[in-house]
Amino acid sequence: MTQHASPPRGSTDKVQPVGPLPVWRSLVARADVRTLSLLGVLLALVVVGGITKPDEFLDTRNLQLVLTQASVIGVVTVGVTFVITSGGIDLSVGAIVALSSVWATTVATQDFGFAGVLFTAVLVGVGCGLVNGVLIAYGGMVPFIATLAMLASARGLALQITDGKTQIVNIDGILKLGERDSYVLGIPPLVLVFAVVTIIGWLVLNRTTFGRRTVAVGGNAEAARLAGIDVRRQRLYLYLLSGLCCGIAAFLLIILSGSGQNTNGNLYELDAIAAAIIGGTLLSGGRGTITGSVLGVLIFTTITNIFALNNLQSDVQQIAKGAIIVAAVLVQRRTASTT
């Protein structure tokens, strides 16, 4: 008779899995339920667009347009996600995009060529973020008030620079980036920049000390301070990061429109905050997700595109967005109360 070896003493009879899990099972196990839900919503919107306007919506050019439009607000949303995760808010991002775009497209700036426009857009964005950060972190101002003041100031300065006129870009290197000839494997350069910013943002938030400190400050600022984190400096860095994203987004918008206008970035602050919220970032701070925020941006951009293709009024579109935001906040509150 064949004798079976008894299990070693101290072991259990439960059979342990041998070898690594299949790739698909590992991905499913790590996937967040909210992320899967957002993917489901996005897929449902694609189906709706494909049913209502199959020829127009599913056309390659239209899909490229959706991704391109999502890229500008998406870069802004990455910065806003960090700020909200820390327990702050930034209402000035749209105005900073406008100011960065018009400052970077003045005749004097364009004399320095491609690099001059890019450098100016980023510098203005970071400068505005620095002002926000100093006022909030070291001036003790409430983020809502400080960034609201920046919103009004940046919009006013943008209007003063342009005198209400559109500033046309005449630099070939910038204009060519918006043409189809510059696409890489059918992907617009703006989308590639958005992808790079998203990947970097995800790595910073989830795989670095800076990201862990951001979550800690948002979860409990006093506990973070007692743990040795310089809360004020961390908040300053976060608003600098938000300003940097606004500067990059302004340059992308310059490429997309070929101009600088004081009306650029209108309501970007609401769209970015809304995308972050429905993506799963807590308004109270302490939890943030770059992946969710990006999916939120894609959902809102797809909704806008579907409404435009079906010639639906913009007011109905805003109502739909508002309903989505309310639903997302209610889900957040329900989730928080059950944990």
Side-chain angles (χ1 to χ4, degrees), residues 23 27 31 35-36 38-50 53-81 97 100-101 104 114-115 117-118 121-122 125 169 171-206 244-259 264-265 268 271-272 275-276 279 289-309:
V23 175
L27 291 175
T35 301
L36 294 177
L38 291 172
L39 285 172
V41 172
L42 183 59
L43 180 59
L45 289 173
V46 172
V47 172
V48 170
K53 291 288 182 179
D55 295 333
E56 294 91 339
F57 181 79
L58 297 178
D59 183 72
T60 302
R61 289 177 179 269
N62 183 64
L63 296 178
Q64 290 172 336
L65 176 62
V66 170
L67 292 176
T68 300
Q69 293 175 337
S71 299
V72 180
I73 184 62
V75 171
V76 175
T77 304
V78 171
V80 169
T81 300
V97 169
S100 299
S101 68
F114 185 103
V117 173
L118 174 59
V122 172
V169 175
I171 301 174
D172 291 338
I174 293 178
L175 297 176
K176 287 181 178 179
L177 288 176
E179 299 175 355
R180 294 185 61 84
D181 292 341
S182 64
Y183 288 11
V184 180
L185 299 177
I187 303 175
L190 276 68
V191 179
L192 295 176
V193 173
F194 176 36
V196 171
V197 171
T198 298
I199 293 172
I200 294 176
W202 187 90
L203 290 174
V204 171
L205 185 59
N206 295 282
L244 172 63
C245 289
C246 289
I248 296 173
F251 184 72
L252 297 183
L253 194 56
I254 291 171
I255 295 173
L256 184 61
S257 63
S259 64
N264 282 343
Y268 272 19
D271 288 342
T289 163
I290 298 296
T291 303
S293 295
V294 170
L295 289 174
V297 170
L298 292 175
I299 288 173
F300 277 143
T301 308
T302 304
I303 291 175
T304 301
N305 184 259
I306 292 175
F307 273 66
L309 291 177

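What you see below is based on every heavy atom in this structure, not just the backbone, and it leaves out hydrogens, waters and symmetry mates.
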- Message: Quick test of your reading: applying side chain to side chain donor-acceptor pair (under 3.5 Å), list the pairs with at least one residue in residues 175-190, sequence neighbours left out, ordered by first then second residue.
- Response: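 Only Q64-R180 qualify under side chain to side chain donor-acceptor pair (under 3.5 Å).
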For residues [X] and [Y], report the shortest heavy-atom separation together with the two atoms involved.
X	Y	result
A250	S101	CB-N, 3.8 Å
V80	A272	CG2-CB, 3.9 Å
D59	D55	CB-O, 3.4 Å
V75	A249	CG1-N, 4.1 Å
G279	T289	O-CG2, 3.1 Å
S71	L67	OG-O, 2.7 Å

Non-hydrogen side-chain atoms of [X] and [Y] separated by less than 4.5 Å:
X	Y	result
C245	V76	no
W202	V78	no
N305	L309	yes

Using 0.5 Å steps for rounding, measure from the [atom1] atom of [X] to the [atom2] atom of [Y].
X	Y	atom1	atom2	value
N264	S259	CG	OG	6.5 Å
T301	Q69	OG1	CD	7.0 Å
I200	I290	CD1	CD1	11.5 Å
L36	L43	CG	CG	12.0 Å
L253	I255	CG	CD1	9.5 Å
T302	L63	OG1	CG	9.0 Å

- Task: Dump the intermediate steps for side-chain contact (heavy atoms from CB on, under 4.5 Å) on V169 and V117, then the final yes or no.
- Result: CA-CA 10 Å; V169 175; V117 173; 6.0 Å; no
- Item | Counterpart residues, ring pair (Phe, Tyr, Trp, His ring centres under 6.0 Å), relative to F300 (two or more places apart) |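 If we apply the ring pair (Phe, Tyr, Trp, His ring centres under 6.0 Å) test to F300, skipping adjacent residues, there are no hits.
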- Item | Between T81 and S293, a side-chain donor and acceptor under 3.5 Å |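 Yes, a side-chain donor-acceptor pair sits under 3.5 Å.
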- Under the criterion side-chain contact (heavy atoms from CB on, under 4.5 Å), which of L45, L298, V48 is the partner of I303?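 Result for side-chain contact (heavy atoms from CB on, under 4.5 Å) with I303: L45.
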- F194 and T68: CA distance, side-chain angles, deciding distance, side-chain contact (heavy atoms from CB on, under 4.5 Å) verdict: CA-CA 9 Å; F194 176 36; T68 300; over 6 Å; no
